[in-house]
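Everything on this sheet refers to the single structure shown next.
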Amino acid sequence: MILFFVGPSRAGKTTILRSLLPRFQDATLIDLDNEENSAVKKLQARGCNPGGWEGRWSRCRFRLDSLERKYQDSSRLFFVDVGAGCLQTQAAFQYFSVRSRTTILVTAPFETILQRHKGRGTEELRRTEFSDCHMSLYEKLSSVDTSLLSPEEAVERVVFHIEGLVAKHST
């Protein structure tokens with residue numbers, strides 16, 4: 001089963017997912033954000049244009065399609081940490097909207113995320129991580145708001161969602 005984790009940057013997706021691995025020892029973590037940042041650096045080092053948001057989504061989509069083809073019917077558990085940068089195109093919104101039953105939102109209110117991004121502009125953050133398109137997708141998803149939870153409580157809340165999704169999937 002492939003589970004996707006989306007949400008604004010600095011909401012806690014990566015921290016929570018890394019904390020889950022000892023608990024779900026057979027799970028594999030796919031960090032799309034890390035993979036994409038590495039791919040962009042390699043492209044730029046070769047003098048290539050990474051292609052902006054569309055290029056980013058294209059590479060992420062290729063990786064996701066490959067993962068789904070190989071493991072969609074597998075009993076293995078995959079956690080896909082979808083970086084906020086992957087959610088910048090209509091195609092990405094559509095992709096995760098269709099997969100809303102297996103996508104968990106890790107989030108916090110705009111003001112909290114803004115405080116976690118020292119020096120980042122209000123309008124840019126709203127446009128790239130809290131746009132109407134983002135909010136429309138977020139409303140469809142099971143969510144964990146990390147702003148009022150301790151790290152341990154946030155992990156427990158995500159575990160609750162994962163166990164519910166896995167139980168539904170196995171029936």
Side-chain angles (χ1 to χ4, degrees), residues 1-45 50-51 53-89 91-108 113 116 128-129 134 137-138 140-147 149-171:
M1 176 176 206
I2 302 170
L3 300 177
F4 305 99
F5 295 82
V6 302
S9 59
R10 305 236 174 117
K13 295 180 300 295
T14 303
T15 301
I16 289 170
L17 289 171
R18 287 185 181 149
S19 296
L20 288 174
L21 290 178
R23 196 137 171 200
F24 294 90
Q25 293 181 355
D26 294 335
T28 299
L29 174 60
I30 309 291
D31 188 339
L32 275 186
D33 205 27
N34 190 39
E35 288 181 16
E36 176 56 18
N37 290 337
S38 177
V40 167
K41 286 178 185 172
K42 288 176 185 174
L43 286 167
Q44 290 173 331
W53 295 128
E54 293 293 336
R56 183 180 201 94
W57 172 244
S58 177
R59 287 182 295 277
C60 289
R61 177 65 193 259
F62 180 82
R63 177 71 163 110
L64 292 169
D65 286 348
S66 172
L67 186 65
E68 284 189 324
R69 272 192 307 278
K70 192 169 182 179
Y71 296 109
Q72 188 59 43
D73 296 322
S74 171
S75 61
R76 288 182 62 190
L77 189 57
F78 290 86
F79 300 148
V80 180
D81 183 354
V82 179
C86 289
L87 286 179
Q88 299 301 322
T89 66
F93 292 128
Q94 171 106 16
Y95 181 91
F96 292 106
S97 183
V98 168
R99 290 158 181 81
S100 62
R101 290 187 184 136
T102 55
T103 303
I104 296 171
L105 171 65
V106 177
T107 192
I113 297 296
R116 293 175 184 174
T128 58
E129 306 203 35
H134 285 88
L137 172 64
Y138 294 170
K140 297 175 185 176
L141 306 176
S142 297
S143 66
V144 174
D145 180 341
T146 61
S147 65
L149 301 172
S150 70
E152 296 79 18
E153 290 170 325
V155 168
E156 288 306 314
R157 193 74 53 91
V158 171
V159 167
F160 173 80
H161 285 290
I162 291 169
E163 289 174 344
L165 290 170
V166 169
K168 285 180 190 175
H169 181 73
S170 60
T171 58

[X] side chain near [Y] side chain, heavy-atom distance below 4.5 Å:
| X | Y | result |
| --- | --- | --- |
| Phe93 | His134 | yes |
| Gln88 | Trp57 | no |
| Asn37 | Arg56 | yes |
| Ile30 | Arg63 | yes |
| Gln44 | Pro50 | yes |
| Arg99 | Glu68 | yes |
| Thr102 | Phe96 | no |
| Val80 | Ile2 | yes |

Steps toward side-chain contact (heavy atoms from CB on, under 4.5 Å) verdict (Leu21, Leu29)
CA-CA 8 Å; Leu21 290 178; Leu29 174 60; 4.0 Å; yes
Output all residues satisfying side chain to side chain donor-acceptor pair (under 3.5 Å) with [X], sequence neighbours left out; order by chain, then residue number.
| X | value |
| --- | --- |
| Arg101 | none |
| Arg23 | Glu156 |
| Ser75 | none |

With salt bridge (Lys or Arg N to Asp or Glu O under 4.0 Å) as the rule and sequence neighbours excluded, what pairs involving residues 9-20 come up?
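Listed once each, the pairs are Arg18-Asp31.
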Is there a side chain to side chain donor-acceptor pair (under 3.5 Å) between Thr107 and Asp145 once you walk through the steps?
CA-CA 5 Å; Thr107 192; Asp145 180 341; over 6 Å; no
Over all atoms of both residues, closest heavy-atom pair of [X] and [Y]:
| X | Y | answer |
| --- | --- | --- |
| Ala154 | Thr146 | CB-CG2, 4.2 Å |
| Val155 | Ser19 | CG2-CB, 3.7 Å |
| Gly7 | Leu87 | N-CD1, 4.4 Å |
| Ser100 | Lys140 | CB-O, 4.0 Å |
| Pro8 | Leu105 | CD-CD1, 4.4 Å |
| Ala84 | Ser9 | CB-N, 3.6 Å |

All N/O donor-acceptor pairs, side-chain side in residues 158-166, below 3.5 Å, sequence neighbours left out:
unit_1 : atom_1 : unit_2 : atom_2 : d
His161 : NE2    : Ser143 : O      : 3.4

So how far is it from [X] [atom1] to [Y] [atom2], rounded to the nearest 0.5 Å?
| X | Y | atom1 | atom2 | value |
| --- | --- | --- | --- | --- |
| Asp26 | Leu77 | CG | CG | 8.5 Å |
| Leu17 | Ile104 | CG | CD1 | 8.5 Å |
| Leu64 | Cys86 | CG | SG | 7.5 Å |
| Arg61 | Ser66 | CZ | OG | 12.0 Å |
| Thr14 | Asp81 | OG1 | CG | 3.5 Å |
| Leu32 | Cys60 | CG | SG | 5.0 Å |

Return the set of residues passing ring pair (Phe, Tyr, Trp, His ring centres under 6.0 Å) with Phe5 (not counting sequence neighbours), or none when no residue passes.
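Here the qualifying residues are Phe79.
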List the steps and the verdict of side-chain contact (heavy atoms from CB on, under 4.5 Å) for Arg59 and Glu36.
CA-CA 7 Å; Arg59 287 182 295 277; Glu36 176 56 18; 2.6 Å; yes
Begin from the C-alpha positions of Tyr95 and Asp65 and carry the test side-chain contact (heavy atoms from CB on, under 4.5 Å) through to its verdict.
CA-CA 11 Å; Tyr95 181 91; Asp65 286 348; 4.1 Å; yes
Evaluate the side-chain contact (heavy atoms from CB on, under 4.5 Å) criterion for residues Val6 and Val106: first the C-alpha distance (whole Å), next the side-chain angles of each, then the deciding distance (0.1 Å), finally the verdict.
CA-CA 6 Å; Val6 302; Val106 177; over 6 Å; no
